There are 2 protein chains.
Amino acid sequence: MDIKNSLKYIPLFKGLFDRQIEELSKIAMRYSFLKGKIIFSEGDEADGFYVLLSGRVKIFKVSRDGKEQILHIIEAQEPFGEVPAFAGKRFPANAEAIEDTIALFFPRESIIQLMKNDPSIALNMLALLSQRLRQFTDLVEGLSLKEVPQRLAAYMLLISEREKTDNIELNINKKQLASLLGTIPETISRILAKMVVKNLIDVNGKRIKLIDKRALEELAYGAKLDIQ
Amino acid sequence: MDIKNSLKYIPLFKGLFDRQIEELSKIAMRYSFLKGKIIFSEGDEADGFYVLLSGRVKIFKVSRDGKEQILHIIEAQEPFGEVPAFAGKRFPANAEAIEDTIALFFPRESIIQLMKNDPSIALNMLALLSQRLRQFTDLVEGLSLKEVPQRLAAYMLLISEREKTDNIELNINKKQLASLLGTIPETISRILAKMVVKNLIDVNGKRIKLIDKRALEELAYGAKLDIQ
DNA sequence: TATTTCTTTTGACTTAAGTCAATGTGTGTG
DNA sequence: CACACACATTGACTTAAGTCAAAAGAAATA
C-alpha cells in the first residue's frame, strides 16, 4: 500500500517537496469502490475531496424522471469532488464508479493548511479548476448551440486526438456516451448509421474508423449533417 | 481615481493586508467600456484577468449561425476572464459590456507572485472558481435535463430570492434572458403568457409578480407546466 | 452449449421548441 | 411631437430529437 509513491506522480501535487508528499500520504484515506457504486450524491455534505488512483468515475446530474447528464468522466490521477472543499459545503452532483476504482480521500482542513504553507498546490488546484471551467464552457456550448451530430463529431475527433489514431475505440457504452452528449442511445445509433452512409466513418462494434476527418471537423464546427 | 479604496471591498481581495492592497492598486490598470463594447473574444490570448468595478458584463458563446448562449452575467466586484490566467492561455468565451462599465485589469504574473507570498488570495480565488463550477453545473442541468418553463421558473425564483421580494423586476431584456436560459425570446413570451393564464404570475412590462410560488417551485424542480 | 440478461438498433409516432413573418408596443432622438 | 428603431408578442409552420415498442446482437451466467 504505497500511497506515497502514487502521490508523487499526481499532477495536483507537482512541485511539492518529498516532506510534503510524506505528510499528504499520512492524511490520505484509501477507499475502494466496486463498479456501479455511488461514491457521493448531490447534496451530501463534504469535508474533503478525492483523487482517483485507478478505475474511472462519472460525475453526473439526474432529472426528476431519471434522465442522466454526465458532467465529467474522471480518469486516474485526477482529483474529483473538489468543489465543496472550497465553496459551499455540499456536492453539486453525483459520483459513481463506472469501473472498479481506488481513490484517496483528503480532508479539507489538511489541504487548506498545506496550501497556507506552500502555495504551489493552490496554484495547481487553480489550474485544475480553470481547466474544468473551460470544459464546462464547451459542454454548455454543445448542449445549447450545437445539434447532436455536431457534438458526436466533436467527441470522436477529441478521442482521436487524445489517442493519436483515426481508429478510435469507445471506452464507454452508448448509454453513457449519450448521457455525456446530452442525448439518448437511440439518437446516437441513428446518427452513427447516417454517418456511415455518408462515408464519414466506419463502425465495427465499439471501434470507429474516422474516414473523412475534414467533413467531421466541418460538422463539429457547426456544419449540417444533412445538406445534400 | 481611488483604486485602493475600491479594492478594499472586493471579496477576492478579502483578508489581504493594507500593504498588499496598496501594491495591487499600483499594478491594476483601469479600463472603461461603453455599453455594447466587446471586452475580449474567445480565443484571444490573455495575460491577466479583470475585476468589475461598475456596470455589467456578459460572458457568452456564439454559434456559427450567430445564436448566443450567455454563460454568466458579471456584477460589480466580481472578477471575470480568470480562466486563462491559470490554465491554457486563451479566453474560452467572449465578454461584452451590457452597461457602461469600469473594470480593473490585473496582470497574471503579479497576481501569481502575490499568491506565492500570501495564499489567502489563492484561497479566495479557489472559492470563486468553485462557485462558478457550481453555477455551471446548474446551467448544464437546466439545458440538458429541464424544459424551458422549468428553467424560467427557476430563474424567477432565483431573482426573487436574491432580491427578497415576490415582485421581481427583470434587469435584462428578453433577448438576453432567452440567451441566458438557452432559448429564444419568442419562447419566453409564450411561456410567460401561459404562466399568466395559469395564474402562476402576473406580468407588467419588466415587472413580474410571483403569485403561486408553490407551483413555480414544483415547476422549477421538474413538474410539467401543461398538466391540467 | 443453452439461457438469461443487457445493449444496440430500427421503425412509427409525438412533441417541445425553433423558424419565419406580421403585427403591436415602447422608447429615445432629432 | 413625430418619427424611427429596437423590443415584444402572436400565429402558422417546421424540425430535431425524444418516446415507446419490438427485434436483433452481444455478453454474461449457468
Side-chain angles (χ1 to χ4, degrees), chain A residues 34-36 63-69 98-100 142-153 169-197 201-208 219 222-228, chain B residues 34-36 63-69 98-100 142-153 169-197 201-208 219 222-228:
Chain A
L34 291 180
K35 179 176 172 170
S63 72
R64 177 143 95 168
D65 55 351
K67 198 188 159 195
E68 221 182 83
Q69 171 68 46
I98 56 174
E99 294 172 9
D100 291 354
L143 291 172
S144 172
L145 303 177
K146 291 183 177 169
E147 303 185 338
V148 182
Q150 304 172 336
R151 291 177 231 163
L152 183 54
E169 177 146 10
L170 298 179
N171 55 5
I172 48 179
N173 63 24
K174 294 256 161 84
K175 183 161 170 263
Q176 311 253 296
L177 177 54
S179 165
L180 191 62
L181 300 182
T183 183
I184 55 170
E186 289 96 320
T187 299
I188 299 277
S189 274
R190 283 187 246 265
I191 292 169
L192 283 177
K194 209 179 260 183
M195 286 176 168
V196 169
V197 169
I201 58 171
D202 204 23
V203 177
N204 228 304
K206 280 197 156 3
R207 320 205 95 268
I208 300 176
L219 195 58
K224 296 276 173 188
L225 178 58
D226 262 326
I227 304 172
Q228 70 116 344
Chain B
L34 290 180
K35 178 174 173 174
S63 72
R64 179 144 92 164
D65 54 353
K67 199 188 158 197
E68 218 182 85
Q69 171 68 46
I98 55 174
E99 294 172 9
D100 290 355
L143 290 173
S144 172
L145 302 176
K146 291 184 176 166
E147 303 184 339
V148 182
Q150 304 172 337
R151 290 178 232 163
L152 183 54
E169 178 147 10
L170 299 180
N171 55 4
I172 47 178
N173 63 24
K174 294 257 162 81
K175 180 158 172 265
Q176 311 254 296
L177 177 55
S179 166
L180 191 61
L181 300 181
T183 182
I184 54 169
E186 290 96 318
T187 299
I188 300 276
S189 274
R190 284 187 245 266
I191 291 169
L192 284 177
K194 210 181 258 182
M195 286 176 168
V196 169
V197 169
I201 58 171
D202 204 23
V203 177
N204 227 303
K206 280 195 154 5
R207 319 204 97 267
I208 300 177
L219 194 59
K224 294 277 173 188
L225 178 58
D226 262 326
I227 303 174
Q228 67 116 350

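Predicted model, so just to flag it, every value in this text is computed and none were measured. Chain letters run A, B, ... following the sequence lines, proteins first, then strands; residues in each count from 1.
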Colleague: NA contact type, B/Lys206, heavy-atom cut-off 4.0 Å: base, sugar-phosphate, or nothing?
Modeller: sugar-phosphate

Colleague: NZ of A/Lys224 versus C1' of D/dA16: gap in Å, rounded?
Modeller: 9 Å

Colleague: Give each protein N/O atom lying under 3.5 Å from an N/O atom of nucleotides 25-30 of chain C, with the pair distance.
Modeller:
none

Colleague: Identify each atom pair where a protein N or O and an N or O of nucleotides 9-13 of chain C are less than 3.5 Å apart, giving names and distance.
Modeller:
{"residue": "C/dT9", "atom": "OP1", "partner": "A/Lys174", "partner atom": "NZ", "Å": "3.2"}
{"residue": "C/dT9", "atom": "OP2", "partner": "A/Lys174", "partner atom": "NZ", "Å": "2.9"}
{"residue": "C/dT9", "atom": "OP2", "partner": "A/Ser189", "partner atom": "OG", "Å": "2.2"}
{"residue": "C/dT9", "atom": "O5'", "partner": "A/Ser189", "partner atom": "OG", "Å": "3.2"}
{"residue": "C/dG11", "atom": "N7", "partner": "A/Arg190", "partner atom": "NH1", "Å": "3.0"}
{"residue": "C/dG11", "atom": "O6", "partner": "A/Arg190", "partner atom": "NH2", "Å": "3.4"}

Colleague: Before you tell me yes or no, could you show the steps for B/Gln69 and A/Leu143 under side chain to side chain contact (heavy atoms under 4.5 Å, CB included), namely the whole-Å CA-CA distance, both residues' side-chain angles and the distance that decides it to 0.1 Å?
Modeller: CA-CA 10 Å; B/Gln69 171 68 46; A/Leu143 291 172; over 6 Å; no

Colleague: How would you list, by chain and number, every residue that makes a side-chain hydrogen bond (donor to acceptor under 3.5 Å, both in side chains) with A/Gln176, sequence neighbours excluded?
Modeller: none

Colleague: Taking all heavy atoms of A/Ser179 and all of A/Glu68, pick out the closest pair and write down the distance.
Modeller: OG-O, 3.1 Å

Colleague: Regarding A/Glu169 and A/Arg207, does a basic nitrogen lie under 4.0 Å from an acidic carboxylate oxygen?
Modeller: yes

Colleague: Separation of B/Glu147 atom CD from D/dT19 atom P, in whole Å?
Modeller: 9 Å

Colleague: Rounded to whole Å, how long is the line connecting atom CD1 of B/Ile98 with atom P of D/dA6?
Modeller: 18 Å

Colleague: The criterion is salt bridge (charged side-chain N to carboxylate O under 4.0 Å, His left out); which residues satisfy it with A/Glu99, sequence neighbours excluded?
Modeller: A/Arg56

Colleague: Give me the distances for all protein-to-nucleotides 23-30 of chain D N/O pairs that come in under 3.5 Å?
Modeller:
none

Colleague: Bend angle of the helix from C/dT1-D/dA30 to C/dG30-D/dC1 from five-pair axes at both ends, rounded to 10°?
Modeller: 40°

Colleague: In whole angstroms, how far is the C1' atom of D/dA6 from the CG atom of B/Leu177?
Modeller: 17 Å

Colleague: Please check if atom NZ in B/Lys175 has more than 12 non-hydrogen atoms from other residues, nucleotides or ligands closer than 6.0 Å.
Modeller: no

Colleague: I need the CD-C1' distance between B/Gln69 and C/dG18, as an integer number of Å.
Modeller: 15 Å

